[in-house]
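On a predicted model such as this, the values are computed, not experimentally measured, just so you know. Hydrogens, waters and symmetry mates are skipped; everything else that's a heavy atom, side chains included, is used. Indexing begins at 1, ligand by ligand and atom by atom, following the structure's order.
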Amino acid sequence: MREVIAAHGLSASKALGQNFLFDEQLLARIAAIPGELQDRAVLEIGPGPGGLTRALLRAGARVTAIEMDRRCLPALAELGEAFPGKLRVVEGDALKIDHRELMREPFAVVANLPYNVGTALFVGWLSGETWPPQWTSLTLMFQQEVAQRIVAAPDSSAYGRLAVLAQWRAAPKLAMKVHRSAFTPPPKVMSAIVHVTPEDMPTAVRARVLERVTEAAFGQRRKMLRQSLKGLPGAVAALEALGIDSQRRAETLAVGEFVALARTLSQT
Ligand code: SAM
């Protein structure tokens with residue numbers, strides 16, 4: 001990969017959040033996280049010069065890769081030639097492209113993305129009323145601190161909206177920690193890969209209502225629920241009906257309690 005970078009004169013762009021991975025063993029281990037990929041459709045976001053892309057292709061995947069840095073396209077085209085018919089490269093901003101339209105079949109997502117783009121895509125993939133989603137799993141690199149927020153349990157400072165969003169109808173796991181020195185150039189913080197698979201959606205709950213509840217509850221996380229949920233019509237009464245003490249704070253509520261609250265409010 002270092003040769004590919006040199007041959008194409010690719011210097012890492014800070015503005016595009018480029019921190020590349022070159023270690024082939026590490027890349028093969030990452031490509032193994034989604035499980036068997038032989039002939040499976042994979043959506044990779046931000047392939048860059050193609051290190052992870054190559055590992056995915058070697059694992060037998062059919063890869064669609066969205067990259068917004070045109071400088072990477074020649075290197076990716078070369079990779080495509082080495083795996084005929086297996087790599088489709090789409091130039092553009094992954095935040096603006098309709099992934100369902102692009103893929104038109106179930107797909108696994110694999111990405112090593114800049115922090116802000118990764119979080120925005122993650123929230124998008126886990127939101128909405130349509131479930132199960134078209135993706136079969138998400139394998140995403142995050143700053144370790146964000147990865148911990150995604151898998152956090154109640155009663156911890158990392159537990160918040162992201163944890164509830166990720167856990168109420170999906171199962172996120174911390175799949176691998178990745179040391180900052182594995183990247184070129186190394187970022188300031190440690191990274192970790194989160195693997196998420198969809199689960200059954202609880203019945204009679206609207207996703208939008210659950211989002212409103214967690215937004216209000218964690219918007220004022222130090223306050224008691226009876227205070228933080230005051231602005232949501234019916235919420236304080238729903239707490240009482242469910243036997244949830246309104247003096248508790250948001251971070252003490254289990255994901256299932258948020259779901260129960262949202263279910264009650266979804267009916268009103
Ligand atoms: N996957 C490569 C690797 O692991 O070495 C590159 C990772 S680098 C952290 C992130 C890549 O995402 C860069 O190539 C960058 O150009 C690309 N990127 C950043 N924002 C993007 C966006 N909104 N849509 C598509 N690609 C993006």
Side-chain angles (χ1 to χ4, degrees), residues 1-34 37 42-59 61 63-80 83 87-99 101-103 107-125 135 138-147 175-195:
M1 283 315 299
R2 280 181 205 281
E3 282 160 28
V4 171
I5 298 266
H8 294 278
L10 292 173
S11 56
S13 149
K14 217 173 177 180
L16 286 171
Q18 291 181 337
N19 302 96
F20 301 130
L21 291 170
F22 296 135
D23 180 335
E24 291 199 9
Q25 271 186 359
L26 173 65
L27 288 164
R29 277 169 54 218
I30 296 173
I33 293 173
L37 286 183
V42 169
L43 174 63
E44 187 193 359
I45 318 278
L52 183 54
T53 321
R54 183 157 67 188
L56 293 165
L57 290 165
R58 279 181 178 157
V63 180
T64 298
I66 306 177
E67 173 58 61
M68 69 187 284
D69 185 355
R70 320 194 81 220
R71 298 176 311 151
C72 297
L73 301 183
L76 293 168
E78 266 174 32
L79 190 56
F83 293 87
L87 175 61
R88 173 169 59 139
V89 179
V90 178
E91 185 197 342
D93 181 346
L95 289 166
K96 296 190 181 142
I97 291 173
D98 181 341
H99 304 154
E101 186 63 28
L102 185 67
M103 299 305 287
F107 58 95
V109 177
V110 181
N112 168 22
L113 274 170
Y115 157 66
N116 53 344
V117 180
T119 309
L121 286 171
F122 183 74
V123 169
W125 281 318
W135 50 267
L138 308 175
T139 303
L140 306 170
M141 182 87 73
F142 287 103
Q143 292 185 0
Q144 194 167 295
E145 176 258 324
V146 177
M176 189 193 289
K177 290 189 177 174
V178 184
H179 197 273
R180 52 187 289 279
S181 64
F183 298 87
T184 304
K188 288 201 179 72
V189 293
M190 296 295 188
S191 297
I193 298 176
V194 174
H195 180 66

Can you give me every donor-acceptor pair (side chain of residues 4-15, partner residue at least two apart or in another chain, under 3.5 Å) with its distance?
residue, atom, partner, partner atom, Å
His8, NE2, Glu78, OE2, 3.3
Ser13, OG, Ala15, N, 3.4
Ser13, OG, Leu16, N, 3.1

**Asked** Do the two ring centres, one from Trp135 and one from His99, sit under 6.0 Å apart?
**Response**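 No - the distance between ring centres of Trp135 and His99 does not fall below the 6.0 Å cut-off.
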
**Message:** Ring centres under 6.0 Å, that's the criterion: do Phe22 and Phe183 meet it?
**Reply:**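 No, the ring centres sit 6.0 Å or more apart.
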
**Asked** Sub-3.5 Å donor-acceptor pair from the side chain of Glu67 to the main-chain atoms of Asp69, do we have one?
**Response**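 Present.
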
**Prompt:** Glu44 and Thr53: side-chain hydrogen bond (donor to acceptor under 3.5 Å, both in side chains), yes or no, with the steps?
**Reply:** CA-CA 7 Å; Glu44 187 193 359; Thr53 321; 2.6 Å; yes

Filter the ligand 1-protein atom pairs down to N or O on both sides and distance under 3.5 Å, then list them.
residue, atom, partner, partner atom, Å
ligand 1, 1 (N), Gly46, O, 2.8
ligand 1, 1 (N), Pro47, O, 3.4
ligand 1, 4 (O), Asn112, ND2, 2.7
ligand 1, 5 (O), Leu21, N, 2.8
ligand 1, 14 (O), Gly48, N, 3.4
ligand 1, 14 (O), Glu67, OE1, 2.9
ligand 1, 14 (O), Glu67, OE2, 3.4
ligand 1, 16 (O), Gln18, NE2, 2.9
ligand 1, 16 (O), Glu67, OE2, 2.6
ligand 1, 23 (N), Asp93, OD1, 2.8
ligand 1, 24 (N), Ala94, N, 2.9

**Asn112 side, atom CG; Leu21 side, atom CG - distance, nearest 0.5 Å** =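 Reported value, rounded in 0.5 Å steps: 5.0 Å.
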
